[in-house]
Amino acid sequence: MKNYAFKKAVIFFVIIFTCMLNLPLVFANTVTGSKKYIRETIASSVNISSNAHTNLANISEVLYDSMQLAVKGLSKNAFQYALKGFNKLHNSGRFQKDNIITIVDFSLPSSKKRLFVINLDKVEVLYNTYVAHGLNSGKLMANKFSNSPQSYKSSLGFYQTMDTYMGGHGYSLRLQGLEKGINDNANRRDIVIHGANYVDEKLIRAQGYIGRSWGCPALPEKLYKPIINTIKNGTCLFIYSPDKSYLKKSAIINA
């Protein structure tokens with residue numbers, strides 16, 4: 001079975017720990033050679049698939065702490081659910097890229113940087129910025145969600161990023177909703193990632209919150225292009241809220 005990105009991340013931290021315990025071995029070889037040797041040794045002895053629930057919880061804890069995601073404001077629950085869903089969907093062959101995951105944390109207000117693009121291979125946050133929610137989802141906080149066309153609300157859950165195109169908002173990224181009855185109308189609703197001038201810190205200073213979209217996770221004009229280029233063509237997007245209805249209904253979360 002193919003090693004997934006979070007497996008690699010855990011192995012990386014075990015490597016660091018092993019290096020600390022075996023400094024003579026590490027310095028006896030080149031840095032590259034030692035790292036390769038230890039990685040292969042650990043990989044042969046660690047089986048993430050056994051006792052998967054416990055291992056996944058441990059993995060998410062290690063990654064969450066190592067990237068200082070609490071300091072950056074990302075909810076631990078959002079991150080743990082994101083990894084759990086990513087693992088399930090990736091195991092089913094859903095994503096073409098297993099090293100990038102994007103999390104939108106709607107437990108945060110729109111005045112906070114609540115979009116996180118994470119490289120699981122490198123164990124680092126590539127982007128952390130503002131993201132809009134739907135007009136009818138709320139003002140400062142997003143707390144009302146819908147899968148219905150013309151609701152102008154955000155939809156929660158797991159998505160797969162698709163191809164890019166030039167549309168009414170310029171360079172945009174199509175999204176495929178992966179949760180039936182929760183976000184699977186994304187294409188019908190034209191829910192895409194695009195840039196918007198209303199996703200701007202100036203509005204936060206003026207009114208306390210950024211502008212709102214018609215349901216799209218719109219991004220700042222200065223960052224939307226590099227973010228789209230990083231996450232396009234088959235990566236995982238998870239839009240989270242501590243919404244009780246979603247957490248109860250999601251088959252992916254409750255798998």
Side-chain angles (χ1 to χ4, degrees), residues 4-20 48 54-87 97-133 137-143 154 156-159 161 193 199-205 207-210 217-224 226-231 235-243 246-247 253:
Y4 300 119
F6 56 82
K7 292 184 185 179
K8 301 173 188 175
V10 169
I11 292 171
F12 173 78
F13 287 106
V14 178
I15 288 170
I16 298 300
F17 180 72
T18 306
C19 287
M20 294 174 65
I48 298 300
T54 300
N55 281 323
L56 186 58
N58 292 338
I59 290 165
S60 63
E61 189 81 26
V62 170
L63 293 176
Y64 186 82
D65 291 341
S66 67
M67 289 184 283
Q68 298 184 314
L69 295 176
V71 175
K72 295 179 173 65
L74 178 62
S75 159
K76 181 177 286 189
N77 284 339
F79 185 68
Q80 290 176 336
Y81 285 135
L83 276 190
K84 180 180 181 180
F86 170 83
N87 181 44
K97 299 178 182 178
D98 67 358
N99 64 322
I100 299 292
I101 185 168
T102 303
I103 304 171
V104 173
D105 186 357
F106 280 158
S107 70
L108 297 171
S110 71
S111 57
K112 299 294 183 181
K113 295 181 178 181
R114 54 186 181 170
L115 178 134
F116 302 79
V117 179
I118 297 170
N119 186 309
L120 293 170
D121 274 343
K122 295 182 179 180
V123 195
E124 66 179 11
V125 178
L126 301 179
Y127 297 98
N128 178 204
T129 190
Y130 302 100
V131 59
H133 58 252
S137 283
K139 186 175 288 187
L140 177 63
M141 298 292 300
N143 47 38
S154 298
L156 301 175
F158 289 88
Y159 297 78
T161 64
I193 293 179
V199 185
D200 195 300
E201 286 183 325
K202 293 179 181 177
L203 285 174
I204 297 174
R205 293 192 290 269
Q207 64 185 20
Y209 56 92
I210 60 173
L219 303 177
E221 289 187 315
K222 292 182 179 180
L223 287 174
Y224 79 98
I227 290 177
I228 286 176
N229 287 334
T230 299
I231 70 175
T235 69
C236 177
L237 165 67
F238 177 53
I239 300 181
Y240 168 79
S241 166
D243 179 75
Y246 168 71
L247 295 177
I253 289 295

(request) Give the intermediate values and the outcome of side chain to side chain contact (heavy atoms under 4.5 Å, CB included) for residues D200 and Y130. (result) CA-CA 8 Å; D200 195 300; Y130 302 100; over 6 Å; no
(request) Quick one: do V123 and M67 satisfy side chain to side chain contact (heavy atoms under 4.5 Å, CB included)? Show the steps, please. (result) CA-CA 7 Å; V123 195; M67 289 184 283; 3.8 Å; yes
(request) Kindly indicate, with the supporting measurements, whether the criterion side chain to side chain contact (heavy atoms under 4.5 Å, CB included) is fulfilled by S137 and N143. (result) CA-CA 6 Å; S137 283; N143 47 38; over 6 Å; no
(request) Walk me through it: do V131 and V199 pass the test side chain to side chain contact (heavy atoms under 4.5 Å, CB included)? (result) CA-CA 7 Å; V131 59; V199 185; 5.9 Å; no
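Atoms OG and CZ, from S75 and F116 in turn, are 9.5 Å apart once rounded to the nearest 0.5 Å. For the atom pair D121 CG and I118 CD1, the distance stands at 13.0 Å (nearest 0.5 Å). For the atom pair K84 NZ and I59 CD1, the distance stands at 14.0 Å (nearest 0.5 Å). The distance from atom CG of N128 to atom CD1 of I103, rounded to the nearest 0.5 Å, is 11.0 Å. With rounding to the nearest 0.5 angstrom, the CE atom of M141 is 8.5 Å from the OG atom of S111. The CG atom of L223 sits 9.5 Å away from atom CG of L115, with the distance rounded to the nearest 0.5 Å.
Judged by distance alone, the side chain of T161 and the main-chain N or O of T235 form a donor-acceptor pair under 3.5 Å.
Dense packing is recorded around NZ of K72, with more than 12 heavy atoms of other residues, nucleotides or ligands lying under 6.0 Å away. Annotation for K112: atom NZ does not count as buried by contact number, only 12 or fewer foreign heavy atoms lying within 6.0 Å.
Nearest heavy atom pair, residue I227 against residue V117, reads CG2-CG2, 4.2 Å. Scanning all heavy atoms of the two residues, the minimum distance from L74 to Y64 falls at O-OH, 2.6 Å. Taking each heavy atom of S110 and K139 in turn, the nearest pair found is OG-O, 4.1 Å. Residues F158 and F86 share a closest heavy-atom pair of CE2-N, 3.9 Å.
Between S60 and F79 there is a side-chain heavy-atom pair separated by less than 4.5 Å. Residues I253 and F238 have side chains in contact (heavy-atom distance under 4.5 Å, counting atoms from C-beta outward).
Using cut-offs of 30° and 60° for the angle between ring planes, the H133 and F106 rings count as perpendicular.
Evaluated for a side chain to side chain contact (heavy atoms under 4.5 Å, CB included) with S241, the options L156, L247, D105 yield exactly one hit, L156. Applying side chain to side chain contact (heavy atoms under 4.5 Å, CB included) to I231 and the options T102, I101, L126 leaves one that passes, T102.
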